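No experiment lies behind these values; they were computed from the predicted model shown.
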Amino acid sequence: MKHRTVSEFVRDQVVAELPPTATVREAVRLMADRHIGAVMVTETGRLSGIFTERDMVSRIAAPGKDPDRTTLAAVMTGHPQTIAADASTIEALRIMQAGGFRHLPVVHHGKLVGVLSLRDFTGTDLIEIERASDIERAVAEGGILHD
């Protein structure tokens with residue numbers, strides 16, 4: 001079974017990016033326009049943070065902050081976990097599960113090239129990834145699998 005790489009999911013993807021000085025309102029509009037759940041916060045071409053739907057709820061709406069006056073720099077998750085474009089989808093899902101997040105920025109040679117979302121995976125992908133994880137776990141524990 002050939003495992004897919006992260007790059008297969010983000011090929012030709014246009015990443016939603018804003019600078020840290022952009023307002024939350026700008027980010028929310030961009031997310032709504034593109035029907036996405038996260039905006040990458042970049043500065044001089046480098047990823048500096050991520051702003052998600054969850055951030056909107058917990059860091060803006062709940063505390064009652066003004067989205068027109070609050071910058072992304074004030075409420076983004078700074079220096080988010082990333083994954084290399086040539087990494088396996090299994091590794092990406094492990095990182096997302098361990099971190100408890102739904103979006104994972106993808107980088108290639110330090111440059112942001114895409115964003116992996118849990119929504120990118122189909123049921124078949126998840127079943128295949130779970131099976132591969134079971135096999136890896138059994139091998140690591142010295143077990144033998146029988147089909």
Side-chain angles (χ1 to χ4, degrees), residues 1-138 140-141:
M1 163 177 36
K2 180 186 179 285
H3 296 291
R4 297 183 347 168
T5 62
V6 170
S7 63
E8 294 174 56
F9 281 81
V10 298
R11 185 174 291 131
D12 302 322
Q13 185 183 65
V14 177
V15 180
E17 299 177 53
L18 287 172
T21 55
T23 66
V24 168
R25 173 84 61 206
E26 292 172 281
V28 171
R29 283 187 181 139
L30 180 59
M31 290 161 62
D33 288 348
R34 294 199 185 171
H35 306 285
I36 55 175
V39 171
M40 300 301 106
V41 183
T42 58
E43 195 167 18
T44 62
R46 297 299 231 190
L47 179 67
S48 58
I50 183 172
F51 181 77
T52 68
E53 295 165 321
R54 285 183 183 174
D55 294 328
M56 179 61 198
V57 171
S58 64
R59 297 178 181 175
I60 300 297
K65 291 185 179 180
D66 183 351
D68 292 312
R69 295 180 187 261
T70 306
T71 65
L72 292 179
V75 293
M76 70 183 185
T77 299
H79 308 288
Q81 174 108 30
T82 62
I83 192 162
D86 61 353
S88 74
T89 54
I90 293 170
E91 181 62 20
L93 281 172
R94 284 185 184 143
I95 290 170
M96 294 167 85
Q97 181 180 30
F101 38 82
R102 295 179 281 192
H103 299 92
L104 184 60
V106 180
V107 295
H108 183 68
H109 298 297
K111 181 182 176 207
L112 179 67
V113 295
V115 180
L116 194 59
S117 170
L118 280 179
R119 292 187 304 177
D120 293 329
F121 296 97
T122 65
T124 304
D125 291 323
L126 296 174
I127 290 168
E128 182 178 321
I129 288 167
E130 183 62 32
R131 179 162 164 58
S133 294
D134 289 345
I135 292 169
E136 289 174 3
R137 193 170 26 259
E141 294 170 358

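- Across every non-hydrogen atom of Pro105 and Met40, the tightest pair is CG-SD, 3.8 Å.
- Contact between Arg119 and His35 at its shortest, heavy atoms only, is NH2-O, 3.5 Å.
- With rounding to the nearest 0.5 angstrom, the OG1 atom of Thr70 is 9.0 Å from the CE atom of Met56.
- Scanning all heavy atoms of the two residues, the minimum distance from Pro67 to Thr23 falls at O-CB, 3.6 Å.
- Arg102 is not listed as a side-chain neighbour of Thr52, based on a closest heavy-atom distance of 4.5 Å or more.
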Test side chain to side chain contact (heavy atoms under 4.5 Å, CB included) on His108 and Val6; report intermediate values, then the result. CA-CA 11 Å; His108 183 68; Val6 170; over 6 Å; no

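- Val115 is not listed as a side-chain neighbour of Leu104, based on a closest heavy-atom distance of 4.5 Å or more.
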Checking side chain to side chain contact (heavy atoms under 4.5 Å, CB included) for the pair Val24/Asp66: CA distance, chi angles, key distance, verdict? CA-CA 8 Å; Val24 168; Asp66 183 351; over 6 Å; no

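- The nearest pair of heavy atoms linking Ser117 to Met96 is C-CE, 4.0 Å.
- Checking side-chain atoms of Gln97 against main-chain N and O of Arg94 turns up no donor-acceptor pair under 3.5 Å.
- Residue pairs that meet the side-chain hydrogen bond (donor to acceptor under 3.5 Å, both in side chains) test with at least one member in residues 37-48, sequence neighbours left out, are Glu17-Thr42.
- We find the NE2-CD distance between His103 and Glu53 to be 6.0 Å, quoted to the nearest 0.5 Å.
- Residue Ala16 comes nearest to Ile36 through the heavy atom pair CB-CD1, 3.3 Å, listed as atom of the first residue, atom of the second, then distance.
- Using a 4.5 Å cut-off on side-chain heavy atoms (C-beta onward), Val28 and Val39 make no contact.
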Under 3.5 Å donor-acceptor pairs involving side-chain atoms of residues 78-85, not counting sequence neighbours:
none

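- Residues Met76 and Asp55 have side chains not in contact (no heavy-atom distance under 4.5 Å, counting atoms from C-beta outward).
- Not a single donor-acceptor pair under 3.5 Å links the side chain of Asp33 to the backbone N or O of Leu30.
- In this structure, Asp86 CG and Glu8 CD are separated by 11.5 Å, a value rounded to the nearest 0.5 Å.
- A 4.5 Å side-chain heavy-atom check between Phe51 and Met31 finds at least one atom pair inside the cut-off.
- Closest approach of Thr21 and Thr71 over heavy atoms only: O-CG2, 3.8 Å.
- Test Val106, Val15, Val10 against Leu112 for side-chain contact (heavy atoms from CB on, under 4.5 Å) and you get one pass: Val15.
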